[in-house]
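Please read the structure below before turning to the comments.
Numbering of residues begins at 1 and proceeds along the displayed sequence. Keep in mind it's a predicted model, so treat the numbers as computed, not measured.
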Amino acid sequence: MFSVVLTLAVLMSLLMAAAWALQRATGSSGWIDTVWSAGVGIGGVVAVFLAAGDGWRRAVVLFLIVVWSLRLAGHIGMRTRGGGEDPRYAKLIAQWGKSAALRLFIFLQIQAVAAFVLVLAIYLAAGNGHGFPRAVDGVAVMLCLGALAGEALSDAQLLQFRRTAQARTGVCETGLWRYSRHPNYFFEWLFWCGFPLLAIQEQALSWASVAAPVMMYWLLVHVSGIPPLEDHMLTSRGEKFRALQRRVNAFFPGPRKNEDTP
């Protein structure tokens with residue numbers, strides 16, 4: 001068990017070191033999140049093959065993580081290739097100044113730790129020895145598939161909005177974006193909620209899988225997701241985004257408020 005955990009941790013560290021090298025070579029920080037998404041997928045595949053759980057369970061976990069990784073890495077990669085610098089990373093690099101290279105490397109190794117937490121949840125889910133499917137497994141798979149569909153739809157709706165003239169100065173309030181300011185983040189978190197359901201069994205270690213959705217919620221809502229993105233939107237959209245904040249929940253989808261403000 002220790003050797004497997006160490007292997008996965010080293011793999012995530014090396015992949016994020018590669019993301020750092022790619023950013024330094026291209027000057028485009030958008031590739032960092034592309035590599036991170038692909039890296040979690042690669043780590044997940046390795047974790048599944050190192051796990052010793054039920055065969056059908058391992059196959060389902062493998063399917064889920066491969067689909068998640070290919071879709072997210074592909075989406076971010078296409079966005080990076082066709083767009084400019086990621087404003088979140090651009091702000092950090094500007095703040096770091098001459099020490100940007102070293103501090104970015106350290107920052108990405110912290111991201112490697114986050115990736116490891118997710119890969120560990122994948123390993124624990126694939127290592128569950130209970131026969132598949134249990135009733136809770138059905139709930140988990142439906143949750144993950146629904147989250148994948150919701151995130152893909154959110155991304156497609158935002159992409160469509162960005163192709164309109166309104167996107168230059170306005171904010172997106174179409175489709176799922178009418179009910180959450182960040183529906184893509186919500187569905188990303190929801191996807192990882194399925195893995196503890198697949199992983200938890202009699203062994204106490206299986207409960208470590210709960211760290212994946214807990215960590216993702218904390219990162220998306222309080223650290224690297226919503227806060228820097230909304231700071232950027234407030235700077236670039238001003239009162240229009242403040243009005244959106246009054247109308248629409250930040251994370252969890254819910255009823256709109258103050259509809260008198262269009």
Side-chain angles (χ1 to χ4, degrees), residues 9 12-13 16 19-20 29-30 32-37 39-40 43 68 72-73 75-76 79 85-96 100 103-122 143-144 147-148 150-151 154-155 158 171-173 176-197 207-238 240-257:
M12 292 301 99
S13 177
M16 291 315 295
W20 175 84
S29 58
I32 292 172
D33 289 345
T34 305
V35 174
W36 187 87
S37 304
V40 173
W68 172 86
L72 187 57
H75 170 73
I76 299 174
R79 185 182 67 194
E85 182 70 290
D86 186 310
R88 297 170 301 164
Y89 288 105
K91 183 177 180 181
L92 287 174
I93 291 171
Q95 290 175 345
W96 290 334
R103 294 187 66 173
L104 181 63
F105 182 84
I106 296 171
F107 184 76
L108 296 191
Q109 288 304 302
I110 295 172
Q111 289 198 17
V113 175
F116 169 74
V117 172
L118 301 182
V119 171
L120 179 61
I122 296 167
L143 187 67
C144 289
L148 285 170
E151 188 172 3
S154 300
D155 288 336
L158 182 59
V171 293
C172 183
E173 292 188 76
L176 295 170
W177 298 84
R178 287 181 56 82
Y179 308 104
S180 169
R181 299 200 300 273
H182 304 279
N184 52 342
Y185 287 168
F186 167 76
F187 285 113
E188 175 67 21
W189 166 76
L190 197 64
F191 174 78
W192 292 103
C193 288
F195 282 82
L197 299 179
W207 284 88
S209 60
V210 175
V214 170
M215 180 197 70
M216 286 301 292
Y217 179 85
W218 178 66
L219 289 176
L220 291 172
V221 176
H222 299 293
V223 184
S224 59
I226 291 176
L229 182 55
E230 296 216 336
D231 283 346
H232 171 72
M233 291 300 293
L234 286 168
T235 300
S236 61
R237 298 297 186 268
K240 288 185 178 180
F241 193 74
R242 290 187 184 90
L244 179 70
Q245 289 177 317
R246 293 192 293 268
R247 288 195 297 269
V248 182
N249 289 350
F251 187 71
F252 292 102
R256 289 166 62 83
K257 303 176 284 292

### Message
Nearest 0.5 Å, please: how far is CZ in Arg103 from CG in Leu108?
### Response
13.0 Å

### Query
What is the distance from atom CZ of Arg79 to atom CG of Asp155, rounded to the nearest 0.5 Å?
7.5 Å

### Message
So, taking the atom named CZ in Arg237 and the one named SG in Cys172, what distance separates them when rounded to the nearest 0.5 Å?
### Response
11.0 Å

## Note on the structure
Rounding to 0.5 Å, atoms CD1 (Ile226) and CE (Met233) come to a distance of 13.0 Å

#### Entry: Trp96-Tyr89 aromatic ring centre distance below 6.0 Å
no

### Message
Between Arg256 and Arg178 (side chain of the first, backbone of the second, donor and acceptor by atom type, cut-off under 3.5 Å), is there such a pair?
### Response
yes

### Task
Check Trp218, Tyr217, Tyr185 against Phe251 for a ring-ring contact (aromatic ring centres under 6.0 Å, His included) and give me the one that passes.
Tyr217

### Task
May I ask you to check whether His182 and Glu230 show a side-chain donor-acceptor distance below 3.5 Å?
yes

### Query
Side-chain contact, heavy-atom cut-off 4.5 Å: Ser180 with Asn249?
no

### Message
When you measure from the side chain of Trp192 to the backbone of Leu118, do you find a donor-acceptor pair of N or O atoms at a distance under 3.5 Å?
### Response
no

### Message
Can you confirm whether the side chains of Glu188 and Trp68 place a donor and an acceptor under 3.5 Å from each other?
### Response
yes

### Task
For the pair Trp189 and Phe252, evaluate side-chain contact (heavy atoms from CB on, under 4.5 Å) and give the outcome as yes or no after the intermediate values.
CA-CA 10 Å; Trp189 166 76; Phe252 292 102; 3.7 Å; yes

### Message
Could you report the tightest heavy-atom contact between Pro183 and Trp177, atom names first, then the distance?
### Response
CD-CE3, 3.3 Å

### Message
With heavy-atom distances below 4.5 Å as the criterion, would you say the side chains of Val113 and Met12 are in contact?
### Response
no

### Query
Closest approach of Leu219 and Ala114, non-hydrogen atoms and distance?
CD1-CB, 4.0 Å

### Message
Rounded to the nearest 0.5 Å, what separates atom CG in Leu190 from atom CG in Leu143?
### Response
4.5 Å

### Message
For Ser13 versus Gln109, what's the shortest heavy-atom pair and its separation?
### Response
OG-OE1, 2.6 Å

### Message
Determine whether Lys91 and Asp231 satisfy the following criterion, side-chain contact (heavy atoms from CB on, under 4.5 Å), listing intermediate values before the conclusion.
### Response
CA-CA 11 Å; Lys91 183 177 180 181; Asp231 283 346; 4.2 Å; yes

### Closest non-hydrogen atom pair between Leu220 and Pro227, with its separation
O-CD, 4.0 Å

### Side-chain touch Ser37/Ile76, heavy atoms, less than 4.5 angstrom
yes

### Query
Of the non-hydrogen atoms in Glu173 and Arg247, which two are nearest, and what is the gap between them?
OE2-NH2, 2.5 Å

### Query
What is the minimum heavy-atom distance between Ile32 and Leu104, and which atoms define it?
CD1-CD1, 4.1 Å

### Task
For the pair Ser236 and Phe241, evaluate side-chain contact (heavy atoms from CB on, under 4.5 Å) and give the outcome as yes or no after the intermediate values.
CA-CA 9 Å; Ser236 61; Phe241 193 74; over 6 Å; no

### Query
Yes or no on side-chain contact (heavy atoms from CB on, under 4.5 Å) for His232 and Thr235, after CA distance, side-chain angles and deciding distance?
CA-CA 5 Å; His232 171 72; Thr235 300; 5.5 Å; no

#### Entry: Approximate separation, where rounding is to 0.5 Å, of Leu120 CG and Phe195 CZ
12.0 Å

